[in-house]
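Structure first, commentary second.
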Amino acid sequence: MTPWPALPSLSFARRPFRAGILPAMALAGMLAALLSACSPTYDWRELEVADGAARAAFPARMRKESRDIALDGASLAYTLEAARVDQAVFAVGHASLAGLPDARREALAKALVRALYRNLKAEPPADLPPAGSDISVRGEAGGKPVLLLARVWVRGDLLIEAVATGPADKLPPAEAETFVHSLRFRQ
């Protein structure tokens, strides 16, 4: 029987490092660090919201929930379509205003804007932002600092809000802005 041929040594102790191996390993480490800095938790998808009246880009799988809310002395059937990433929430809410006069619709929109401030224990400004403009609130919930970026509209027979909110350290401003600014109405 012939013996097996000798295998080459796998020991690195006997081989000097080549000049190209260390820089290649450093480059691989840097690439891994850069890729880990990217947030794999944001998986954007554009979806219909508000019973097909609009589309918005959500950063994760969306869930839909409906309930009655009290707003400016009225009870409204309110639907919230929301996605959660870590502790941040990205949501589009809407309620039907069918049959209400224009003045009442505007009053409900302003009440919704004031509620956004009050829910975070922040004082609403005397002059509320006009419909469709950015509403930025720094407040607190559960004793912790919270950020909120929102827009509120009355569109046709619907009261609609787009909101991104979460703990100050868990809501990246760029993602909040991307979400809130992504809402587009059907013509």
Does Ile69 share a hydrophobic cluster with Trp153, counting links as ILVMFWY side-chain heavy atoms below 4.5 Å and allowing steps through other members? no
Would you find more than 12 non-hydrogen atoms of other residues, nucleotides or ligands less than 6.0 Å from Arg45 atom CZ? yes
Donor-acceptor pair, Arg105 side chain versus Gly156 backbone, under 3.5 Å? yes
Measure across Ala56 and Leu183 and return the closest heavy-atom pair with its distance rounded to 0.1 Å. CB-CD1, 4.0 Å
Is there a chain of hydrophobic side chains (I, L, V, M, F, W, Y, each step under 4.5 Å between heavy atoms) that links Leu159 to Phe185? no
Please find the pair of heavy atoms, one from Ala150 and one from Val163, that lie closest to each other, and give the distance. CB-CG2, 3.8 Å
From Glu177 atom CD to Leu149 atom CG, the distance as rounded to the nearest 0.5 Å: 6.5 Å
Reported CG-to-CD1 distance for the pair Leu112 and Ile160, which is rounded to 0.5 angstrom: 11.0 Å
Under the 3.5 angstrom rule, does the side chain of Arg186 hit a backbone N or O of Gly52 as a donor-acceptor pair? yes
Steps toward side-chain contact (heavy atoms from CB on, under 4.5 Å) verdict (Tyr42, Thr178): CA-CA 11 Å; Tyr42 289 89; Thr178 295; over 6 Å; no
Could you state whether Tyr117 and Leu108 fall into the same hydrophobic cluster, counting links through intermediate Ile, Leu, Val, Met, Phe, Trp or Tyr residues with side-chain heavy atoms under 4.5 angstrom apart? yes
Rounded distance (nearest 0.5 Å) linking atom CD of Glu81 with atom CG of Leu47: 9.0 Å
Could you tell me the separation between the CD atom of Gln87 and the OG1 atom of Thr165, rounded to the nearest 0.5 Å? 11.5 Å
In Å, rounded to the nearest 0.5 Å, how long is the span from CG of Leu71 to CZ of Arg114? 8.5 Å
How far apart are the closest heavy atoms of Ala95 and Tyr78, and which atoms are they? CB-CD1, 3.9 Å
Would you sort out whether Asp72 and Arg104 count as a salt bridge (charged side-chain N to carboxylate O under 4.0 Å, His left out), showing the intermediate values? CA-CA 10 Å; Asp72 198 33; Arg104 183 66 178 141; 2.7 Å; yes
Using every non-hydrogen atom in the two residues, find where Ser96 and Leu76 come nearest and quote the distance to one decimal. O-CD2, 4.3 Å
Linking I/L/V/M/F/W/Y whenever any side-chain heavy atoms sit under 4.5 Å apart, do Val85 and Val49 land together? yes
Is Leu116 linked to Leu128 within one hydrophobic cluster, defined over Ile, Leu, Val, Met, Phe, Trp and Tyr using a side-chain heavy-atom separation of less than 4.5 Å? yes
Which atom pair, heavy atoms only, marks the closest approach of Ala164 to Phe179? CB-CD2, 4.4 Å
How many angstroms lie between atom OG1 of Thr79 and atom CG of Leu158, to the nearest 0.5 angstrom? 9.5 Å
Which atom pair, heavy atoms only, marks the closest approach of Arg61 to Ala83? O-CB, 3.6 Å
May I ask you to test the Val113-Pro129 pair for a side-chain heavy-atom distance under 4.5 Å? yes
Heavy atoms from other residues, nucleotides or ligands near CZ of Arg138 exceed 12 (cutoff 6.0 Å): no
Tell me, with the steps shown, if Thr41 and Asp86 meet side-chain contact (heavy atoms from CB on, under 4.5 Å). CA-CA 8 Å; Thr41 56; Asp86 198 9; over 6 Å; no
